[in-house]
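Only one structure is covered here, and it is reproduced in the block below.
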2 protein chains.
Amino acid sequence: MVRPTRQRAAVAAVFDELEGFHSAQEVHARLRTAGDTVGLSTVYRAVQALADDGELDSIRTDSGEALYRRCSTQHHHHLVCRSCGRTVEVAGPTVEQWADRVAGEHGFADVSHTLEIFGTCADCRVPTP
Amino acid sequence: MVRPTRQRAAVAAVFDELEGFHSAQEVHARLRTAGDTVGLSTVYRAVQALADDGELDSIRTDSGEALYRRCSTQHHHHLVCRSCGRTVEVAGPTVEQWADRVAGEHGFADVSHTLEIFGTCADCRVPTP
DNA sequence: GAGCGCCTGAGAACCATTGTCAACTCTGGT
DNA sequence: ACCAGAGTTGACAATGGTTCTCAGGCGCTC
C-alpha cells in the first residue's frame, strides 16, 4: 500500500515548483536549505516511486547522474541541448510504431524503448560569420 | 602528443572484434582473460581517447554504466532482450530522418541521437497457456 | 645511447546510488 | 480512542563504476 507522507509530498512539491531536470541530490539539498529535513535515502525512494508512477521522467547525464522532471503522462522523448541543457519534449507516433513493428518482426514482445536526441539549440549556436 | 602503444592497440582491437556496446569493465576483463594485462585506468583512458577521436560511440545504460562501441560507418540501433541480453541490430532510416527533422524544427543543429529498444525475445517468452 | 615527456598501472579516492535496520507513523479494526 | 501491523523513514554503511595520484616505464627524437 502506498501511503502519502510529509516527505513524499515535499519531494513532489519541489518538482511542482521547478522547471526542467533536477537530480535527487539537488532536491535533497533544496529541501535541506528550506528547513525541510528529509533523508537522502527517502528522496531517492520518493523520486523513484514518482518515476515508477509515471509522474516524473528520468534521463541520465553524460556523467551518469540521474535527472528527474515532472512530465506529462503521455509518452514522449527529449530533445536536449548539449550546451545549455535546455530540453524540449517531442512526441513521435512514427517512432513508437516503428519500434513496435521492428521488435515484432524479430519476435520480441513487451516492447519498450528509449530515445534521446541531442543537438545544439539556436541560442547556444555561435553565429559563425 | 598521442603515442601509439600496445595497450591502446589492444583496446582498439577489442572493439574491432566485438559487435555492439561494451563497457570499459568488460573490455578490461576480456583483455585480462586473454592474457593481455592492461590496467583498468588505462582501459578507461584509452576508451575515452577513442571516443574523443570519434572512433567510438558511447551511451549510458539505465544503471549509469557507460557503454562504447565502434562507430560503424553505418548507423543503426539495438533491439535488446531484457531476459537473455541477445541483441539484434536494426537500421531505421525513418527514425533518423524523423529525429533530424524534429530537431531542426526546434532550431537544433549538429544533431545526434540514441535509441535502444527493449523487449522479450521469442526464446525467453514463457508460452502462457 | 641519452634525455625528455607522455604513458602506464596499482591502489586510493570519489561520488551517486542502494542496502540495512531499528525506530517511527499512518491506517483500519475494535 | 486504542492497538496492532505494515509501510516509511533516516542515519550510516556498503557498493560499484569512474577518476585521480604518482612513481616507474617506455617511445620518440637527437
Side-chain angles (χ1 to χ4, degrees), chain A residues 1-15 18 20-53 55-69 80 82 85 114 116, chain B residues 1-15 18 20-53 55-69 80 82 85 114 116:
Chain A
M1 182 211 332
V2 175
R3 204 183 295 169
T5 63
R6 175 182 66 81
Q7 291 85 347
R8 241 165 251 215
V11 170
V14 169
F15 285 99
L18 300 177
F21 286 96
H22 305 279
S23 68
Q25 302 275 350
E26 193 180 337
V27 171
H28 179 242
R30 185 170 285 265
L31 288 172
R32 268 288 153 84
T33 54
D36 210 339
T37 60
V38 177
L40 181 56
S41 309
T42 304
V43 172
Y44 273 102
R45 275 186 295 243
V47 155
Q48 284 168 0
L50 287 168
D52 283 348
D53 288 354
E55 289 201 51
L56 292 184
D57 207 16
S58 72
I59 59 171
R60 290 262 174 188
T61 63
D62 283 350
S63 63
E65 201 177 2
L67 301 182
Y68 300 85
R69 163 181 84 157
V80 186
R82 263 190 288 264
T114 65
E116 304 291 325
Chain B
M1 181 214 331
V2 175
R3 203 182 295 170
T5 63
R6 174 182 67 81
Q7 291 85 346
R8 240 164 251 216
V11 171
V14 168
F15 286 98
L18 300 178
F21 286 96
H22 304 279
S23 67
Q25 302 274 349
E26 193 181 336
V27 170
H28 179 241
R30 186 169 284 265
L31 288 172
R32 269 287 153 84
T33 55
D36 210 340
T37 60
V38 177
L40 182 56
S41 311
T42 304
V43 171
Y44 273 102
R45 276 186 294 244
V47 156
Q48 284 167 0
L50 287 168
D52 284 347
D53 288 355
E55 290 201 52
L56 292 184
D57 210 12
S58 72
I59 60 171
R60 289 263 174 186
T61 64
D62 284 349
S63 62
E65 199 178 5
L67 302 183
Y68 301 85
R69 77 168 166 189
V80 186
R82 263 190 287 264
T114 66
E116 304 293 323

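The sequence lines fix the lettering, A, B, ..., with proteins before strands; numbering per chain opens at 1.
- Between B/Glu26 atom CD and D/dG17 atom P there is a gap of 12 Å when expressed in whole angstrom units.
- With values rounded to the nearest 0.5 angstrom, B/Ser58 atom OG is found 9.5 Å from B/Asp52 atom CG.
- For the side-chain contact (heavy atoms from CB on, under 4.5 Å) test with B/Val14, the passing option among B/Leu31, B/Val47, B/Val43 is B/Leu31; the others fail.
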task = Using a 4.0 Å cut-off on protein heavy atoms (strictly under), produce a 5'-to-3' string for nucleotides 14-23 of chain C with B for base contact, S for backbone-only sugar-phosphate contact, and - for none.
result = --SBBBB---

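- Distance A/His28 NE2 to D/dC12 P: 12 Å, rounded to the nearest Å.
- Annotation: side chain of A/Leu67 is not in contact with side chain of A/His22 (no heavy-atom distance under 4.5 Å).
- Under 4.0 angstrom from either OP1 or OP2 of C/dG9 there lies at least one side-chain N or O belonging to B/Thr42.
- The OG atom of B/Ser63 sits 6.5 Å away from the CZ atom of A/Arg60 when rounded to the nearest 0.5 Å.
- Following rounding to the nearest Å, A/Arg8 (CZ) and C/dT27 (P) show an atom-to-atom distance of 12 Å.
- Residue B/Ser63 is out of contact with every strand shown, counting any heavy-atom pair closer than 4.0 Å.
- One distance of note links CG of A/Leu40 with CD of A/Gln25; it measures 5.5 Å at 0.5 Å rounding.
- In this structure, the CD atom of B/Gln7 is 18 Å from the P atom of D/dG24, given to the nearest Å.
- For the pair A/Arg32 and D/dG10, the criterion of a side-chain N or O lying under 4.0 Å from OP1 or OP2 is not met.
- Proximity of a side-chain donor or acceptor of B/His28 to a complementary backbone N or O of B/Val38 within less than 3.5 Å is detected.
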